[in-house]
Amino acid sequence: MDIDIDPAAVHAVGDSVAALARQASTRVAHCLDTTTVAANAHPGWRVSGAALSCQNAWEVHLGHLVSEIGSIAQMIHAAASAIQQADAEAVRRLHEALTELSH
């Protein structure tokens with residue numbers, strides 16, 4: 001089986017995933033702000049406290065998801081770098097073998 005992987009293309013995917021993580025982080029940071037506005041507009045209502053607790057739980061959960069996306073971007077870059085290193089090592093060994101064979 002022949003597998004051809006272009007490390008530059010893999011790095012580009014890592015860049016795209018990192019950009020998506022940054023965009024998601026920006027959106028997640030304020031996506032539930034209206035819950036705070038609604039809860040503050042109705043002080044003393046039991047639902048206000050419940051809404052704020054729910055908002056907090058979702059903000060934490062979404063924050064973890066965005067963090068995971070950022071980690072995936074880093075892993076993609078690490079994979080691309082590992083491919084480059086493996087390719088460079090293969091080239092080095094091939095040149096070394098050819099040099100030995102030519103003597």
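Predicted model, so just to flag it, every value in this text is computed and none were measured. FYI, the numbering just counts along the sequence from 1.
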Checklist entry - Which residue pairs pass the ring pair (Phe, Tyr, Trp, His ring centres under 6.0 Å) test when at least one of the two sits in residues 79-100, sequence neighbours left out? => result none

Does one hydrophobic cluster hold both [X] and [Y], with members joined at side-chain heavy-atom distances below 4.5 Å?
X	Y	result
Leu20	Ile76	no
Val13	Ile3	yes
Trp58	Leu65	yes
Val17	Leu62	no

Taking all non-hydrogen atoms of both residues, which atom of [X] and which atom of [Y] are closest, and how far apart?
X	Y	answer
Ala24	Val66	CB-CG2, 3.8 Å
Pro7	Ala80	O-CB, 3.7 Å
Gly70	Ala21	N-CB, 3.8 Å

Checklist entry - Under 3.5 Å, is there a donor-acceptor pair between the side chain of Ser16 and the main chain of Ala12? => result yes

Checklist entry - Distance-only, no hydrogens or angles: does the Ser67 side chain make a donor-acceptor pair with backbone N or O of Gly63 under 3.5 Å? => result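 No, the answer is negative, given that no donor and acceptor are paired below the 3.5 Å cut-off.
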
Could you go through residues 28-43 and list every donor-acceptor pair under 3.5 Å that involves a side-chain atom there, pairing it with any protein atom two or more places apart or in another chain?
{"from": "His30", "atom 1": "ND1", "to": "Asp33", "atom 2": "OD2", "distance (Å)": "2.9"}
{"from": "Thr35", "atom 1": "OG1", "to": "Leu32", "atom 2": "O", "distance (Å)": "3.3"}
{"from": "Thr36", "atom 1": "OG1", "to": "Gln55", "atom 2": "OE1", "distance (Å)": "2.9"}
{"from": "Thr36", "atom 1": "OG1", "to": "Gln55", "atom 2": "NE2", "distance (Å)": "3.0"}
{"from": "Asn40", "atom 1": "ND2", "to": "Thr36", "atom 2": "O", "distance (Å)": "3.3"}
{"from": "His42", "atom 1": "ND1", "to": "Ala38", "atom 2": "O", "distance (Å)": "2.9"}

Item to check | Sequence neighbours excluded - salt bridge (charged side-chain N to carboxylate O under 4.0 Å, His left out) pairs with any residue from residues 92-103 | outcome: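 Those involving residues 92-103 are Glu89-Arg92, Glu89-Arg93, Arg92-Glu96.
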
Item to check | Pairwise distance CD1(Ile72) to CD(Glu68) - rounded to 0.5 angstrom | outcome: 6.5 Å

Checklist entry - Atom CD in Gln84, atom CG in Asp6: separation rounded to 0.5 Å? => result 9.0 Å

Item to check | Members besides Leu52 in its Ile/Leu/Val/Met/Phe/Trp/Tyr cluster (side-chain heavy atoms under 4.5 Å) | outcome: none

Checklist entry - When Ile, Leu, Val, Met, Phe, Trp and Tyr are grouped by side-chain heavy atoms lying under 4.5 Å apart, directly or through other members, which residues fall in the same group as Leu94? => result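 Other cluster members: Leu98.
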
Checklist entry - Looking at residues at least two apart in the chain, or sitting in another chain, which of them share a side chain to side chain contact (heavy atoms under 4.5 Å, CB included) with Asp15? => result His77

